[in-house]
Structure formats: structure tokens, C-alpha cells
Amino acid sequence: MQALTGVTRAAARQRLRLTVRAAGLMFASCAGLLLGSVLITAIGMAWFVVLLPVLPILVATVRRFADAHRRWAAELLGTPIPAPYRPLPDGRLFPRLRVLAGDPATWRDLAWLFVNATAGLLLTGVAFSLALSTLGFAGLPLTWPILPVEFTAPPDGQELRSLTGDWGLVVVSDWPSALLASVQAIPMAALWWWATPHLMRVHARMTRALLAPTDAAMLTARVEQLAESRAETVDTQAAELRRIERDLHDGAQARLVSLGMSLGLAEEILANNPEAARELLAEARESTGQALAELRDLVRGIHPPVLADRGLAGAVQAVALAHPGEVDVTVELPGRPDAPVESAAYFAVAEALTNVAKHAHANRAWVQIWYDGGLLKLAVGDDGRGGARVQPGGGLHGLERRLAAFDGTLSVTSPPGGPTVITMELPCALSSPKTSPFSATD
């Protein structure tokens, strides 16, 4: 019984929220009609050069207005509605106007403003009117004395005031008739209860149909995204190859050259000065050990052996152990992702913890890794000073580019004063049905 009552209350709250939203959308429809009229007028008068700078401002206003409706429709339908707009170039006015005029989404927004002001206003108006009618019928026993007044003229020409009025199927003239008319609130409330969610869903689907990207736009955006991701991946790989070449040249290669020279010199002086030759051989042995250590570090930077041996949980734990501060690690994965995705996730966590050590001034950090809905999700947080941002050329931007190669995403929440939370998502499939929970504190 309590569960049924809770469900009923939740449904009632939902319908009340939808009714309030319907009222707000009614006013928004009227505002959209005004905004669309102003935009059409500005376009028609664009031959006045002085009005040209107003057009981008008006289009940006329309787009923000449409974005608000996309968010509401996505919230009601439970599916995101991405914005279909083409990126605008920076700089002069005329290139921006050219892109705005050539973007089909600009004209679809304009058409949506007028559709929303007619069909949208009808849908939301009916939903809101049902709620008002329910309240009106329910309140008749209290409000009938102030109902609209009818005047009749008797034969002697004097006006006679009569408190009567038609309310639905009942003529209200006194308290009993008002009480009888108020019974009509029951079917009206039932109609409001049933119709409001359907009307608002139709409105949301209409918004999605007009404001969501078309298939052609989505395909074009996907091709552009893949081309950009491919270019960034090629640049990242080229930079990685240059780093490996530089590390080999400045590290192991230089030590091996020095080792060869020491061995050659020891060979020349071995007969005449055995003690000096022994010192050169000891120096060569030390150089060999250092060269091996540098080669191990280099290999670890390409693909750490611990990642192949112990999986993502063990590799992240090893990174956390090497971190100068306290790091809590929690990994809950029902299997292992593919090796490239696993490697990208490992290096993403390692880069994020490196940024924490360098910039956050944090006492504590945490790493959480889990799998949900076909996405490998990673969250790296700290209790530092906050203020982290994704900036071109910065560490987080490089991390974002690394994830983009796998269609991954990165988001940063870092208010001034902290805490900072970096959330990353990588689409992937897991190879094993086994559950591999892992939790540790360092």
C-alpha cells in the first residue's frame, strides 16, 4: 500500500511539473514568434549595411532559445538531442554571416519558431487549460458568488441582477447548483491526468524532429570528427615517435657509445696499465646498467609490462604507488577491455595523476574505474585548489586528444578552491565475463 501511494505521489508530482512547464512553454512560444518575426525583418532589411552586425546576434539568440528547448525535450524523452550547428569561424563579420546563411540548421530553427508558436502553443495550451478547468470546476462551491453576471430586463424596464452562469452541463445560480457543477472536476481531472504526459511528449517529439540533426548532418559531422581525430592521432603518433627517438639518442644510445669507447680504451691499455683498464671496465659495467634502466623506462612508456601482466587495475595501482601523495584506487570491471583501449585508459589516468602532482597542490587524490552501458568510465579527482581548465596546448587538451582517437570524451569539473574531478569515457567491449573488483588505498 505504501509503495502504491509513493508511486501515485511521484506520478502526481510529474504531472504538476509538466503542467508548470506547459505554462512556461506557452509564454516561450509567444516569445519565439516575436523573435522569429524580428529575425525575418532583420533578414529582409539586411541590405542596410548598418543592420548586418545585428544578424549574428539574433541568430545566436535563436540558437540559445532552441538549445533550451532541446534540453527540455531530451530530459522528457530520455535521449540527448545534440545541436546541429556548424562551427563558426573567428574573425570578420562576412565569413560568419556566410556560414550562418549556408547552415541548414539556421533555417530549420527559423521554421521551428513558427511551428512552435502554432502547433506547440496548441499542445501546451490544451495541457495547461485542462489543469485550469479542473481547478475551476473544483472551486465552484467557493467561487460561484463572483461568477459572470447576467442582466435581464423585466416588463417595467428595470434591470434585475441574476447570479447565473453556464459551467459545463450545469447552470450555476446558487450553492447547490455550484456543488453539482463541481462534480465535473472529476472527469476533467482524469482527462488532465491522462492527457498531460501524452501532450507534452508529442511536443517534445515535435521539438526533436525539427531541432535534432538530420541524418545527412550527423553523417557530415561524423566524417569531420573522424577526419579531425585521425589527424590528431597521426600528430600524436608522430610526436611519440620523436620522443622515443630523442630518448634513445640522448639516453641509451649515448651510453652505449660511451660504453664502446671505454671498452676500446680498456683493450688498448690492458697490457701496460691493468689497474686503469679495470677502472674502465667497472665504469663500462655501470654504464651498461644505466643503459638497461633507461631502455626499461622507455619500454614502460610505450606499453608498460605491468599492464599486460596485471591488467588495468594492477597498472593503475602501480601508478598510484609511485604518486607522491595519497591515492585511493577503486576498479570494478567485469572483464578486460581491448589492449589499445586499456593502454589509452592507463596513460589517461597516469597523465591525470601527473597533473595532480604538478599543479593541484592536493593532499589526497582518488581514481575510480567502472564499466556501464558499453562505456569504460574513469574518474580522477583531488582535493586541491581547483581551477583546472582544458586549454589548447595544455596537459588536459593532450589527454582529450588521446581519448578522441577512441571516440572517447573528457569533462572537467573544477571550481575555484576544488575539488577537481576529471571524468573520461571510452566506448569499448570487455573480453571476459569474470568480475574483477579492486579497491586499494595508498
Side-chain angles (χ1 to χ4, degrees), residues 24-25 28-46 51-120 203-232 389-392 396-397 400-401 403-405 407-412 425 427:
L25 289 175
S29 299
C30 299
L33 178 62
L34 178 61
L35 183 59
S37 302
V38 172
L39 180 57
I40 287 181
T41 303
I43 293 174
M45 300 182 66
L51 294 178
L52 288 179
V54 179
L55 287 176
I57 299 174
L58 289 174
V59 173
T61 304
V62 170
R63 291 186 173 186
R64 285 193 292 270
F65 188 72
D67 285 338
H69 284 73
R70 286 190 191 92
R71 288 192 296 270
W72 172 81
E75 177 185 347
L76 182 60
L77 298 176
T79 56
I81 303 177
Y85 306 120
R86 296 175 182 175
L88 294 178
D90 296 330
R92 299 181 178 179
L93 173 64
F94 286 101
R96 294 172 65 86
L97 288 174
R98 191 179 301 113
V99 172
L100 290 174
D103 190 349
T106 301
W107 305 105
R108 292 182 68 201
D109 284 355
L110 186 59
W112 164 78
L113 288 175
F114 292 96
V115 173
N116 189 53
T118 52
H203 186 278
R205 292 191 184 101
M206 181 194 71
T207 301
R208 180 176 61 184
L210 292 173
L211 295 183
T214 61
D215 293 338
M218 292 180 65
L219 180 60
T220 301
R222 181 60 177 163
V223 170
E224 293 176 354
Q225 180 185 3
L226 290 176
E228 182 180 356
S229 176
R230 178 181 178 275
E232 290 183 348
R389 296 288 184 272
V390 179
Q391 298 177 348
L396 291 178
H397 182 252
E400 188 177 49
R401 293 178 59 185
L403 297 177
D407 286 340
T409 60
L410 178 144
S411 61
V412 180
E425 295 182 351

Nearest atoms (heavy-atom pairs only) where [X] meets [Y]:
{"X": "Leu113", "Y": "Gly36", "result": "CD1-CA, 3.6 Å"}
{"X": "Ala74", "Y": "Pro80", "result": "CB-CA, 4.0 Å"}
{"X": "Arg70", "Y": "Arg63", "result": "NH1-O, 4.3 Å"}
{"X": "Pro213", "Y": "Pro82", "result": "CD-O, 3.2 Å"}
{"X": "Pro84", "Y": "Ala105", "result": "CG-CB, 3.7 Å"}
{"X": "Ala73", "Y": "Ala204", "result": "CB-O, 3.8 Å"}

State, yes or no, whether a side-chain contact exists between [X] and [Y] at a heavy-atom distance under 4.5 Å.
{"X": "Leu110", "Y": "Val62", "result": "no"}
{"X": "Leu211", "Y": "Asp109", "result": "yes"}
{"X": "Met206", "Y": "Asn116", "result": "yes"}
{"X": "Val412", "Y": "Arg389", "result": "no"}
{"X": "Val115", "Y": "Leu210", "result": "yes"}

Measure the [atom1]-[atom2] distance between [X] and [Y] for me, rounded to the nearest 0.5 Å.
{"X": "His69", "Y": "His203", "atom1": "NE2", "atom2": "NE2", "result": "6.0 Å"}
{"X": "Thr79", "Y": "Arg208", "atom1": "OG1", "atom2": "CZ", "result": "5.0 Å"}
{"X": "Leu58", "Y": "Ile40", "atom1": "CG", "atom2": "CD1", "result": "11.5 Å"}
{"X": "Leu100", "Y": "Leu55", "atom1": "CG", "atom2": "CG", "result": "8.5 Å"}

Between Arg108 (side chain only) and Ala212 (backbone N and O only), is there a donor and an acceptor less than 3.5 Å apart?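 The answer is yes, because a donor-acceptor pair under 3.5 Å joins these two groups.
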Quick one: does Thr106's side chain have a donor or acceptor within less than 3.5 Å of a partner on Gly102's backbone?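 No; zero donor-acceptor contacts below 3.5 Å.
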Does Asp67 pair with Arg64 as a salt bridge, N-O distance under 4.0 Å?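 Looking at Asp67 and Arg64, the cut-off is not met.
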Parallel under 30°, tilted from 30 to 60°, perpendicular over 60°: which one fits the rings of Trp112 and Phe65?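 The rings of Trp112 and Phe65 sit tilted, inter-plane angle from 30° to 60°.
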